[in-house]
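Not measured: the values here are computed from a predicted model. Below, each value reflects all heavy atoms present in this structure, side chains not excepted, and no hydrogens, waters or symmetry copies. Below, chain A is the first sequence line, B the second, and so on; all start at residue 1.
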Amino acid sequence: MAKVVYNGKVIKEQSVLTQRTKGEKIFFAIVFAVFLIQSISLFFPLIWVVLNSFKSFAEYRGGNTFSFPKVWEFANYLKAFEQLEYGAGDRVIPFAEMIFNTLYYVVVCDTISAFTPLVTGYVFAKYRFKGKTLIFSLAIFSMMIPTVGTTASMIKILNFLQLYDTPLYVWVTAAGGFGATFLVFSSYYKNVSWSYAEAAMIDGAGHYTIFFKIMLPQGLPLFWTYIIIGAIAGWNEYYSILLYLPNYPTIAAGLFNYKDKAYRKSGLPIFFAGLVYSMIPSIILFSCFSDKILVSLSIGGLKG
Amino acid sequence: MVAQKVKKLHGFKRAQLFQTIFVWSMIVIPIVHWLIFWLGVNLNSILMAFQLPTGEYSLFTLQQVIESLGNAGSKLAIAVKNTLTYFVVGLFMTVFNLVVSYCLFKKVRAWRFFEIAFYLPSIVGGVVMELAFVQFLSPVSAYTTAGPIVELLMAVGVPAKEVPVFLGQEWANKTLIFYTCWIGWGGNMLLFCGAFARIPLEVIESARLDGISGLKELIYILFPLIWPTFSTILVLQFTGLFGAGGPVLTMTGGNFDTQTIGYWIYDLVTESGSYNEVAAAGLVFTCIGTPIALFVRWLVDKVPAVEY
């Protein structure tokens, strides 16, 4: 921090990050302008969707696409709830069921897929055991091999295990403890001091107690970051749902499935209302926890 | 004395045993998961590549895929071309993300707002953003009014007939690549910003005192310090070489020669159930991609990481 002194008094401490030469000031002014235009361009389509979700179909077809609705059709949101559906074979899945599926998918998948790498990351960071190097090398190796086209094999194995298109699929497939998240947790726990654990050991604490009472709480900030990022990603997931859980569509999968029908069936404004439904939870989640999401994440250590 | 030593030894062994039980109880599920869903799935995929749909072992499927790759007009060859294009765009965007993250780290005015704005596509999700974008580019049709972009073009005097159909034959690929770049400003932002944030400010301060310029600061001071993060992202990107793609599924459904390998696989699995063809193609791409990924990893490992 550089101090700004005026009349012998420190009036403000200026970070080295904001100290600029004249040339840099111009550069960052241009950057600001470019970033602003890009930000507006990213927000604009979403605002446009929200505005048009309140229009009647007739107004949307005939009116000015940029204009505010002449009559705000709040009923579109009710209609979206009633009309947006997902056709899976002979079954028609209503929107309410898609919401339930989404919540189930997010809660189960997110919790397990954040907790398992935390556990493996902790164990690999803090313990020495037989086979550690081999397992770590295999984990890194499997990250290094660019496997392509395993979808077909995955479906066959899921069918064999009777997990394909069942709610249990989410529990089982989320339990992978090796991957990029494992590396992040591993490097995180490497930097956590072991002295608390040693003190607890002297007091007679076992390994489980040390993990659950001392180490897990220390990993919680990063864990919650992954939970929130994972919840947003899970809420918006549709590709793997279409492939492996076709009878349990989430909202995103349902909207994807419905997009072509929107033109002829309920009309686009109602479809837009569905898009807004899909956006709201993620935006609320992000607004509440942006400080956790935008916290420092670190990755590294592919050297096995 | 001896008894005490034996007791101590037993105590040590007991502690070792408890530790072993703890360690393996914690990692047994991930290991079984890896054995089934990585090793098992991949071995099964290799076997499937040498099988016919009837289950009979044959090289026919593999030969068919290789032939298809050699035929420039085939769906698979087009998919490979598009995938490689997305991969190159992805590499370019990674470097661009680094520069964007640097500007955010240097606290460009309203940096917090920009961080949120660039992360927005991840917040609202691919399907919402992509479907909104499709409507945004919507041409004049019997069903709907033109999308805002088309209206804007017409408003500035472009005749309706000359307004491009952005998701049509001529423009579809360019539009998808534009979209990928447009929403990709925040890609890797969390990781890069995290890496920048851990750099001790004293390092930058002393460089500044030596009169270093902003560009030199980025290239010679900051970049070496965040190299572990950058190199990891780079290696993972090469690992996903044949998985690169854009929003093909949502925006064009693979039409207008926009299919990527990912879409080609999705299409075969969901529409025609040609599992063996998918597995055979996967094997070919894995064989090509593995040495490339390992070479890149070897190359980045040559660069010494700075400890701080």
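Heavy-atom distances place no part of B:Glu202 under 4.5 Å from chain A, backbone and side chain included. Both the backbone and the side chain of B:Val100 come within contact range of chain A, judged by heavy atoms closer than 4.5 Å. Looking at A:Ile155, the atoms closer than 4.5 Å to chain B (heavy atoms on both sides) all sit in the side chain, from C-beta outward. Proximity to chain A (any heavy atom under 4.5 Å) is shown, for B:Ala132, by both the backbone and the side chain. If you measure heavy-atom distances from A:Val276 to chain B, you find no contacts under 4.5 Å at all. Both the backbone and the side chain of B:Met26 come within contact range of chain A, judged by heavy atoms closer than 4.5 Å. At a 4.5 Å heavy-atom cutoff, the contact between A:Leu46 and chain B is made by side-chain atoms alone. If you measure heavy-atom distances from A:Leu161 to chain B, the contacts under 4.5 Å come from the side chain alone.
In summary, the side chains of A:Lys156 and A:Asn159 do not present any donor paired with an acceptor at a separation below 3.5 Å, with no hydrogens or angles considered. Between the side chains of A:Tyr238 and B:Thr250, at least one donor N or O lies within less than 3.5 Å of an accepting N or O.
Side-chain contact between A:Leu118 and A:Leu216 is present, with heavy atoms from C-beta onward closer than 4.5 Å. Contact of the B:Ile31 side chain with the A:Phe178 side chain is registered, since non-hydrogen atoms from C-beta on lie closer than 4.5 Å. At least one side-chain heavy atom of A:Ile251 sits less than 4.5 Å from a side-chain heavy atom of A:Trp235.
Classification of the A:Phe136-A:Phe124 ring pair by plane angle, with boundaries at 30° and 60°, yields tilted. Taking the six-membered ring where tryptophan is involved, the planes of B:Tyr102 and A:Phe28 are tilted, since the angle between them lies from 30° to 60°. Relative ring orientation between B:Phe133 and B:Tyr179 is described as tilted, the plane-to-plane angle lying within the 30° to 60° band. Between A:Phe115 and A:Phe212, the two ring planes are parallel [angle under 30°; tilted spans 30° to 60°].
Per-residue heavy-atom pair counts under 4.5 Å with chain B were compared for A:Ile280, A:Leu36, A:Val49, A:Thr21, and the maximum is reached by A:Leu36. Ranking B:Phe230, B:Phe37, B:Phe136, B:Trp264 against chain A, the residue ahead of the rest is B:Phe136, based on heavy-atom pairs under 4.5 Å. Interface remark: of the candidates A:Phe129, A:Phe182, A:Phe272, A:Phe129 forms the most heavy-atom pairs closer than 4.5 Å to chain B. Between chain A and the options B:Thr270, B:Leu131, B:Ile288, B:Val269, heavy-atom pairs under 4.5 Å are most frequent for B:Leu131. When B:Trp227, B:Phe242, B:Tyr266 are compared by the number of non-hydrogen pairs under 4.5 Å with chain A, B:Tyr266 comes out ahead. Residue with the most contacts toward chain A among B:Ile204, B:Ile21, B:Val32, B:Leu249: B:Leu249 (heavy-atom pairs, distance under 4.5 Å). Chain A forms more heavy-atom pairs under 4.5 Å with one residue of B:Leu120, B:Leu47, B:Ile265 than with any other, namely B:Leu120. Residue with the most contacts toward chain A among B:Cys103, B:Ala293, B:Gly289: B:Cys103 (heavy-atom pairs, distance under 4.5 Å). Note: A:Ser41 leads A:Ser278, A:Gly206, A:Ser41 in heavy-atom pairs under 4.5 Å with chain B. Most heavy-atom pairs under 4.5 Å with chain B, from the set A:Leu242, A:Leu255, A:Ile40: that is A:Leu242. Ranking A:Ala252, A:Ser142, A:Pro281, A:Gly177 against chain B, the residue ahead of the rest is A:Ser142, based on heavy-atom pairs under 4.5 Å.
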Salt bridge (charged side-chain N to carboxylate O under 4.0 Å, His left out), that's the test. Do B:Arg208 and B:Glu205 meet it? Break it down for me. CA-CA 5 Å; B:Arg208 284 265 144 177; B:Glu205 213 155 18; over 6 Å; no

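A distance below 6.0 Å separates the ring centres of A:Phe35 and B:Phe118.
Within a 6.0 Å radius of CH2 in B:Trp182, more than 12 heavy atoms belonging to other residues, nucleotides or ligands are found.
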